[in-house]
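Report on one structure; see the data block that follows.
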2 protein chains.
Amino acid sequence: MTVTIDDKTLEEHYSKFLNRHVDRRVILQFWDDYLPKDVKPHPNPYVLAAGMPNEGLFPVESVHVNVVERPFQHLEYPFKSEKIHVGAAGEIGVNEAEYVKSRVDDGSMVDIWRYDPSHGDNIPIAQALQYSDTKGFPQLIDFSKKLVSYLNKPAYDNWDVMLANGSSDSLSKVFTTLTDEDVTVLMEEFTFTPTISNVTANGGIPIPLKVDITDDASQQGINVEYMDQLLENWSTGEYSHLSKPRLLYTIVTGQNPTGMTQCKEKRQKIYDLCEKHDIIIVEDDPYGYLKFLPFDKSDPLKNQYNDGTITFDKYCKEILAPSYLTIDTSGRVIRLETFSKVFAPGMRLSFIVANKFILDKLLKYADISVRSPCGLAQAMTINIIDKWAENFNGDKVRAWLSWVMKVAGEYTHRRNVLFQALEATPAYKEELFELIEPSAGMFISIKINFDKFGEISDKLKAMNFLNYKLLEEGCIVILGYRMAVDKKFSYDRSNFLRITFAMAPDEEHLQTAAERLGKGVERFFKEYHN
Amino acid sequence: MTVTIDDKTLEEHYSKFLNRHVDRRVILQFWDDYLPKDVKPHPNPYVLAAGMPNEGLFPVESVHVNVVERPFQHLEYPFKSEKIHVGAAGEIGVNEAEYVKSRVDDGSMVDIWRYDPSHGDNIPIAQALQYSDTKGFPQLIDFSKKLVSYLNKPAYDNWDVMLANGSSDSLSKVFTTLTDEDVTVLMEEFTFTPTISNVTANGGIPIPLKVDITDDASQQGINVEYMDQLLENWSTGEYSHLSKPRLLYTIVTGQNPTGMTQCKEKRQKIYDLCEKHDIIIVEDDPYGYLKFLPFDKSDPLKNQYNDGTITFDKYCKEILAPSYLTIDTSGRVIRLETFSKVFAPGMRLSFIVANKFILDKLLKYADISVRSPCGLAQAMTINIIDKWAENFNGDKVRAWLSWVMKVAGEYTHRRNVLFQALEATPAYKEELFELIEPSAGMFISIKINFDKFGEISDKLKAMNFLNYKLLEEGCIVILGYRMAVDKKFSYDRSNFLRITFAMAPDEEHLQTAAERLGKGVERFFKEYHN
C-alpha cells in the first residue's frame, strides 16, 4: 500500500522546514518559456542560443574502460604488471598494449564512443562531456529510482531522485536548505563530523542522541527511550532554551564510527517519534550495502557471500536493512546514497531521495551552485552497469547489486581476518579490550576495558595516551570521542576506538596492524598514570 | 617587479569583505594533528583510520582515452562510423575494435592505469578514483599555476590556486564567501545571469554598469566614465540608500552576452578605480582563450590561426588579453578560469586564482560542501595534457595552449562563416541590423536598427515580437535584454540579440541559420505594430 500525497499537501507541510533564504535561490532564465498562441515555431529550428561547444571540439573521441568482474580480480592473473599490481616492479611482466588489445578482443571493455545510436541506454561522449541537466542524466536517475523502488520502495508516492557530487555534497545541499539559525538537529552522539559542520555552518545546533554500542542487534544504535524522553520533556529539559528539533540526522546502517545498525523495530519506533514530533529524517546510508552476517568464532573465515549461502534474493530481502523510506507515509525521509563506498569515491557521485517539494528546493540550490556532477563520471558509472547488465538479461539493478555483493563479500573477508587477528592478541585474551561487532560498513569499534585499569580520572586523557602508544607501535586509529557531538555528553561512552579494514592492501597488513594494536593497548595498561 | 604582501596584511585588508558567517565554516578534524614531544611515532605506521576503500575494490583497472590532435579531426578519416561521425548510419563502416587496437598500437591512447610508477606526473586510477584533496590534485594545481604564471603572472606574490567543479561552482564559492545582505556588487549591465542569482541568493544587490557595445576595440566594455562618476557620487546618487560596492564582477574578454573585450588601458583605469574605492575584482574569463583577429570583409574566410600567422609566441604575447592579475599589486583580483570552453564542459573542472587569505576561505567552504572535483575528470585532463606534452619536450603549458589555439582557430572559422552569411542577407544589406564584431568568445551581438522602423514605443515588446518571427523562421536566439541586470537601466541598449556559432554541427547549419535570421528580421520590420 502506497500512500498518495499531492504536491499541495507536501508544500503545506514542509514549507516551514525551509531555511528562510531558500526563496532567494532562483536561477534567472534568459531563454523563452512563454509563447503567444498565434506564434507557430518552426518545426526544425536552428539553435544559436546556448553557449555550448559542438562535441567535435572535445579532445576525446572515445573512452575504453577496462572493467573487472570482481574486486581484486588482478590477483588471479597469470602475470604481474607494475601498472596493475601494487609494487610489482621487477616481477614477470606483460606487454600492456597486447593486454589492452586482448581486452578489446574479448569484448570486455566498456566503450564510450562520441555517439552510440544503436545503444540507446548509454551516455555517449557527446553528452558526457557536454553541459547537462543539474538533476543528472536521465539514464542514471532512472537507474537510481529503480534501485530505490526495488529495495526500498517508499510508502508514499510523491518522491523523486536527483544526483549529487558525493554524499558530502548531498549533505551540504540538505542542510543548507533545511537548517537555519534557530534549528536544532538531532544526531547520533558519535557521528560523521562533517555533518556537524554542515549544521553549524548554517547556524543550526546539533543535539546528541544517546547511542547503544552493543553486539546485541536488537539494541544497536539510537537509544529510543532517551530520544522519546528528550522530545517529550523538551520544554523542561536541558535544551529548553532551544527550539524543538526539526531534523534527525542518522547513519542508519553500519553507523560511522560505531558500526551499529538500527533494527527494523527500532526504526519503526524512531519513525513514529518523528511523526509525533514532526521531525524530518535525514537517512545517510553510505555503508548499508556492506552488510555482514555475524562473525563465527568457530569458523572465523566463513564468508557466506563467497560460499553461496547468500543468494541474490536473500541479500535483497533478508540481509539488507530496509530504509526508513519503506515505512515513510508522510514524505519526511530524505535518503542519501552514494556510489563512493561500493564503486569509487573519486567519481564524486551520489543521489538523494526525497519528497518532490523538498527535492525541488535542493535542485534549485544546485542550479545556482555546483550544478550537475561530472558527466564523465555519470557516463562511466551507468555504462559500466549497463555492460554488467548484459549478463543479467539487461537487468541493471540486478547487475549492480551483484557487483555490490562481491564488494560486501570482500569486506566480510576483511572483517573476518581482522577479527581473527585481534582476538588472537594477548591484550584481547586478557580482556583489555573488547570488539563490538559491526553489522555493516567499514568500521569496527574497539572498547577499552578501563575497568581492568582501575580508576581512570580523565577518560579523554587516557584515550589520548592510548593513541600515543598506538602511534608508537605504528597503528593509526580514530578515537571515538573525537567524533562526539558533545564530548561531555558522551564522556561515559568515549572509551572506544574506530578502526577500518577498508584500506589495507592485504591480509598480512591487517594481521600486523592487529598485533600492533594489541601491543599498544598492553602498553597503555602498563604505562598510563592518572 | 612583484609586490610582496604578507599573510597578515592580506588578512587585515580582506577580512572586512567576508560574509559574516564565513567563520562558521569549519571542518571538524577528528584525526590527530598534535603530538606531545615525547611521543615517537612508528616510522612505518599501518593506517586503520580513514574510511577509504582499497583501490583493488574499484571496478576499473584501467582507462584508455582515444584523444584527438585537433578539433573535428574525424572529418579527415578515410572511413565513417556511426560511433564517431554524427548521423553516419549506413555510411561505409569500420571495424571499431580494430580501430581501437590501431590506436593502442600507434601509441596515441592516453592510458590511465591503476598504478603508474614510472610516470610520476600522471594521476593513476588508484588516486583518480579515490578520495582526494579538496583543493585538487597537486599535478593539476601545479599545471594551473604554471599556466597563470606564464600568461598572467600576478603583480604580487601571495596568491594560490584551487580547483572547482566548473565556473558555476567557482562563482558560487566566491559569492557565498564575499556577498552578504548589505553588499552591493557592480557588474556589466548585460551579464551571465546565474551570477546575478549568486549575488541575490546571498542577499546581495547587483548594480549594473553601463557597457559600451561597439566595434571600436579601444572602447569596448564597461564605460569607465560612468563607473567613475557612479562611485565618486555614490552618496548622492541613485543608489545612495545602498552601501558602496565591495565587488566588481566582470567577464573581461569576449563578454557574455555582448562579446566585448576590455582593452589594456581600460583595465588599468578600472583597476585604479577599484584601488581607489577598495573594490575586489572578480574576473570571470571563460572565453579569453578564444581570441579573434578582426573579421576581414575582403577575405572573409581568412583565418590567421590556420595560416600560421599566429605563432605560439604571438598568441601568448600579443593576441591574448592580459588578466587583471598582471596589474594587481594589492591582491584584489579573483580570476576564474575553466576547462569547459576549451576542453569539455562535462568534465566540470575549473580553477580559481586568488590571494591566499581569500583562497583559504573558499577552500574552507569547499571542505564543508562539494569538496574536490571528480578525480576521474582531473586525471583525464592532466593525463591528456601530459600526453600532448610529449610533443613539446614535456612542456605542459605549451602543449595545452597549442590545443587551445586549435580550438580558437575553429571558432575563428565559425565566426567567419557566420559573419559572411549574415552579411549576405538582404536584411543586413538593407541595414535592418548591424553586426557587433566580438573580439573573443562564442557570441555575436546583432543590433537591430530600430531607427529604420521609425518610432518604437516599447523596445522590449518589439524585441519579443522579433523573437517570435525568428522562432517562426526557425532560429533560436537570446534576447539581450533578457540578460540585463536591470531592464529599465538598459532599456536604451536592449535592441540586440546574442547568437552563437559554438554549437552548430557544420557550416551549412550556420549559413541556413543566418538566412533564417535575416528573414525573421525582415518580417519584424514588415509585420510589427507599436
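Convention: sequence-line order gives letters A, B, ...; per-chain numbering from 1.
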Rounded to the nearest 0.5 Å, what separates atom OG in B:S369 from atom CG in A:N198?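 Nearest 0.5 Å value for the OG-CG distance: 8.0 Å.
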
Sort [X] into side chain, backbone, both or neither according to what part of it lies under 4.5 angstrom from a heavy atom of chain B.
X	result
A:R414	side chain
A:A128	backbone
A:A88	neither
A:E96	both
A:V100	side chain
A:Y365	side chain
A:F465	neither
A:T195	neither
A:V86	both
A:A504	backbone
A:E181	side chain
A:S132	neither
A:R114	both
A:R498	both

Please look at [X] and chain A and tell me whether the side chain, the backbone, both or neither of the residue comes under 4.5 angstrom of a heavy atom of that chain.
X	answer
B:Y131	both
B:T176	neither
B:N165	both
B:P373	backbone
B:D111	neither
B:H85	backbone
B:D38	backbone
B:I384	side chain
B:M347	both
B:R24	both
B:A126	neither

Can you name the closest pair of heavy atoms from [X] and [Y] and give their distance?
X	Y	answer
A:I368	B:S197	CG2-CB, 3.6 Å
B:P53	A:Y411	CB-OH, 3.3 Å
B:F343	A:P59	O-CD, 3.2 Å
B:S118	A:E82	OG-OE2, 3.7 Å
A:K83	B:D116	CE-OD1, 3.9 Å
B:C475	A:L48	SG-CD1, 3.9 Å

Relative to chain A, which of [options] shows the most heavy atom pairs under 4.5 Å?
options	result
B:L510, B:T500, B:T200	B:T500
B:V407, B:L497, B:I125, B:I478	B:I478
B:R371, B:H509, B:M52	B:H509
B:S62, B:P41, B:P36, B:S172	B:S62
B:I476, B:D169, B:T512	B:I476
B:P71, B:P505, B:A502, B:G375	B:A502

Does a side-chain N-to-carboxylate-O contact under 4.0 Å join B:D105 and A:K101?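 Yes, B:D105 and A:K101 are salt-bridged.
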
[X] versus [Y]: any side-chain heavy-atom pair under 4.5 Å?
X	Y	value
A:S81	B:W113	no
A:L471	B:P45	no
A:H42	B:R516	yes
B:F58	A:P345	yes
A:R348	B:S372	yes
A:V63	B:N66	no
A:V370	B:S168	no
A:I84	B:E61	yes

Go through [options] and name the one with the most non-hydrogen pairs under 4.5 angstrom from chain B.
options	result
A:H119, A:K406, A:H74	A:H74
A:Q130, A:M442, A:E410, A:E98	A:Q130
A:P124, A:A377, A:G203	A:G203
A:K173, A:M483, A:R25	A:M483
A:V65, A:L57, A:V104, A:D23	A:L57
A:F175, A:W388, A:W403	A:W403

Criterion side-chain hydrogen bond (donor to acceptor under 3.5 Å, both in side chains) on B:E473 and A:Y46, from CA distance to verdict: CA-CA 9 Å; B:E473 290 300 321; A:Y46 279 19; over 6 Å; no

Donor-acceptor contact below 3.5 Å, side chain A:T193 vs main chain B:L28: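 Yes, the answer is positive, given that a donor and an acceptor are paired below the 3.5 Å cut-off.
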
